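This report refers to the structure that appears directly beneath it.
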Amino acid sequence: MEKIAIYPGTFDPLTNGHVSLVKRGLKIFDQIIVAVALHSPKKTLFSLEERIALAQEVFASCPRVKVEGFSGLLVDYVRKRKAVAILRGLRAVSDFEYEFQMALMNRKLSREIQTVFLMTDYKWLYISSTIIKEVASLGGDVHGLVPEVVEKALYKKYGKKD
Ligand code: PNS
């Protein structure tokens, strides 16, 4: 049977760190669904539709990667998609507390769903969607840190470059 993993997040916006994690996850799982959350504790710069469209464009050439939006509880969505695991990336010790809390809450809500953590590639250790947005909003160069479509979308949002 196909092993499906759900890679959930706010993806506001998708970074090269996220892309790298999906590619590595594909070595473990048959299919990865990048699940863009409507309900996230964060206020977003991009709408749900924009976040989904950007991720879809980035993974358009990857047949084993699907991008979908989801609303409501993550565990309900994981069950609906018959996925075996939730995939999350870990950058540093600072991520650990938040990730541990979410993984345990998800486990409390659904015992049969496992959370699998992959360490972020060292090249992307220092980047996050938040820091990317801050730099781009202040006119800094984020080239090479996010996919090209995302770079363009950021400059469009902040009214920089073309
Ligand atoms: O990478 P992020 O942006 O921190 O992702 C957080 C996300 C979207 C995975 C989390 O907020 C989530 O799962 N939201 C869906 C609603 C839900 O199930 N919340 C309880 C999670 S313990």
Side-chain angles (χ1 to χ4, degrees), residues 1-125 127-130 132-133 145-151 153-154:
M1 217 181 88
E2 264 214 327
K3 279 204 185 330
I4 302 174
I6 301 292
Y7 180 38
T10 311
F11 303 113
D12 184 46
L14 193 85
T15 68
N16 282 350
H18 297 130
V19 177
S20 153
L21 205 89
V22 169
K23 292 203 169 144
R24 291 170 51 219
L26 284 173
K27 295 189 196 304
I28 306 172
F29 300 102
D30 300 308
Q31 190 189 114
I32 292 183
I33 303 180
V34 177
V36 186
L38 174 65
H39 297 119
S40 146
K42 302 164 187 167
K43 192 184 165 335
T44 62
L45 170 69
F46 293 95
S47 69
L48 178 67
E49 291 70 28
E50 287 172 324
R51 287 178 280 138
I52 294 172
L54 286 171
Q56 274 172 341
E57 207 171 329
V58 171
F59 293 111
S61 59
C62 307
R64 290 196 290 131
V65 181
K66 217 167 120 179
V67 177
E68 270 186 0
F70 79 100
S71 61
L73 276 180
L74 174 62
V75 288
D76 292 337
Y77 174 73
V78 173
R79 273 197 216 104
K80 204 164 83 186
R81 287 284 165 265
K82 297 188 171 37
V84 291
I86 294 169
L87 176 65
R88 293 284 291 174
L90 271 183
R91 278 167 309 197
V93 186
S94 52
D95 278 344
F96 187 76
E97 206 174 310
Y98 170 62
E99 292 299 334
F100 197 52
Q101 189 181 25
M102 272 204 304
L104 289 180
M105 178 53 87
N106 285 329
R107 185 163 166 76
K108 163 91 181 106
L109 294 170
S110 175
R111 294 280 305 174
E112 72 276 11
I113 299 168
Q114 310 302 325
T115 301
V116 172
F117 293 103
L118 284 182
M119 291 304 297
T120 299
D121 202 307
Y122 72 94
K123 275 189 285 188
W124 317 115
L125 261 183
I127 64 164
S128 65
S129 299
T130 307
I132 292 285
K133 281 181 286 189
L145 301 178
V146 291
E148 263 175 43
V149 279
V150 172
E151 188 183 338
L154 277 167

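The figures here come from the full heavy-atom set of this structure, side chains too, leaving out hydrogens, waters and symmetry mates. Everything numeric in this text was worked out from a predicted model, so none of it was measured. Just so you know, residue 1 is the first one in the sequence shown, and it goes up from there.
Note that CG of L74 is 4.0 Å distant from CD1 of I86, once rounded to the nearest 0.5 Å. In this structure, OG on S110 lies 13.0 Å from CE on M105, to the nearest 0.5 angstrom. Taking CZ from R64 and CG from L26, the interatomic distance works out to 4.5 Å, rounded to the nearest 0.5 Å. The CD1 atom of I52 lies 14.0 Å from the CD atom of E57; values are rounded to the nearest 0.5 Å. To the nearest 0.5 Å, the span separating NZ on K66 from CD1 on I33 amounts to 5.0 Å. Atom CG in L118 sits 5.5 Å away from atom CZ in R24 (nearest 0.5 Å).
Proximity of a side-chain donor or acceptor of R88 to a complementary backbone N or O of P8 within less than 3.5 Å is detected. Panel note: side chain R51, backbone F46; a donor-acceptor pair is recorded below 3.5 Å. No donor-acceptor distance shorter than 3.5 angstrom exists from the side chain of H39 to the backbone of S71, with no hydrogens or angles considered. Formation of a donor-acceptor pair under 3.5 Å by the T15 side chain with backbone atoms of S128 is not found in this model. Although no hydrogens or angles enter the test, the distance criterion places a donor-acceptor pair under 3.5 Å between the side chain of S47 and the main chain of E50. Using modelled atom types, one side-chain atom of S129 and one backbone atom of P13 make a donor-acceptor pair closer than 3.5 Å.
Side-chain contact between S20 and K123: absent, with no pair of heavy atoms (C-beta onward) separated by less than 4.5 Å. You'll find the side chain of V36 reaches within 4.5 Å of the side chain of L48, heavy atoms only. Side-chain contact between V65 and V34: present, with at least one pair of heavy atoms (C-beta onward) separated by less than 4.5 Å. Between T115 and L104 the shortest side-chain heavy-atom distance does not fall below 4.5 Å. Looking at heavy atoms from C-beta onward, L14 lies in side-chain contact with F59 at the 4.5 angstrom threshold. Looking at heavy atoms from C-beta onward, Q31 lies out of side-chain contact with K3 at the 4.5 angstrom threshold. Between V84 and I4, every side-chain heavy-atom pair lies at or beyond the 4.5 Å cut-off. You'll find the side chain of R107 reaches within 4.5 Å of the side chain of R111, heavy atoms only.
Crowding of E148 atom CD: a count of heavy atoms from other residues, nucleotides or ligands under 6.0 Å not exceeding 12. With a 6.0 Å radius and a threshold of 12 heavy atoms from other residues, nucleotides or ligands, E112 has its CD atom above the threshold.
Annotation for L87 and A5: closest pair CB-CB, 4.5 Å, computed over non-hydrogen atoms. In terms of heavy atoms, G69 sits closest to Y77 at O-CE1, 4.5 Å. Residues T120 and L125 approach most closely at CG2-N, 4.3 Å, considering heavy atoms. Between T10 and K42, the shortest heavy-atom contact is OG1-CD, 4.0 Å. Nearest approach of I6 to A35, heavy atoms of both residues: CG2-CB, 3.7 Å.
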*Does the salt bridge (Lys or Arg N to Asp or Glu O under 4.0 Å) test come out yes or no for K133 and D12, once each step is laid out?*
CA-CA 9 Å; K133 281 181 286 189; D12 184 46; 2.8 Å; yes
*Evaluate the side chain to side chain contact (heavy atoms under 4.5 Å, CB included) criterion for residues L45 and L154: first the C-alpha distance (whole Å), next the side-chain angles of each, then the deciding distance (0.1 Å), finally the verdict.*
CA-CA 9 Å; L45 170 69; L154 277 167; 4.1 Å; yes
*Begin from the C-alpha positions of W124 and L21 and carry the test side chain to side chain contact (heavy atoms under 4.5 Å, CB included) through to its verdict.*
CA-CA 10 Å; W124 317 115; L21 205 89; over 6 Å; no
*Let me see the working for K80 and D76 under side chain to side chain contact (heavy atoms under 4.5 Å, CB included), right down to the final yes or no.*
CA-CA 6 Å; K80 204 164 83 186; D76 292 337; over 6 Å; no
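Ion pair E2/K82 not flagged as a salt bridge, since none of the NZ, NE, NH1 or NH2 atoms sits closer than 4.0 Å to an Asp/Glu carboxylate oxygen.
Between F96 and F100, the two ring planes are parallel [angle under 30°; tilted spans 30° to 60°].
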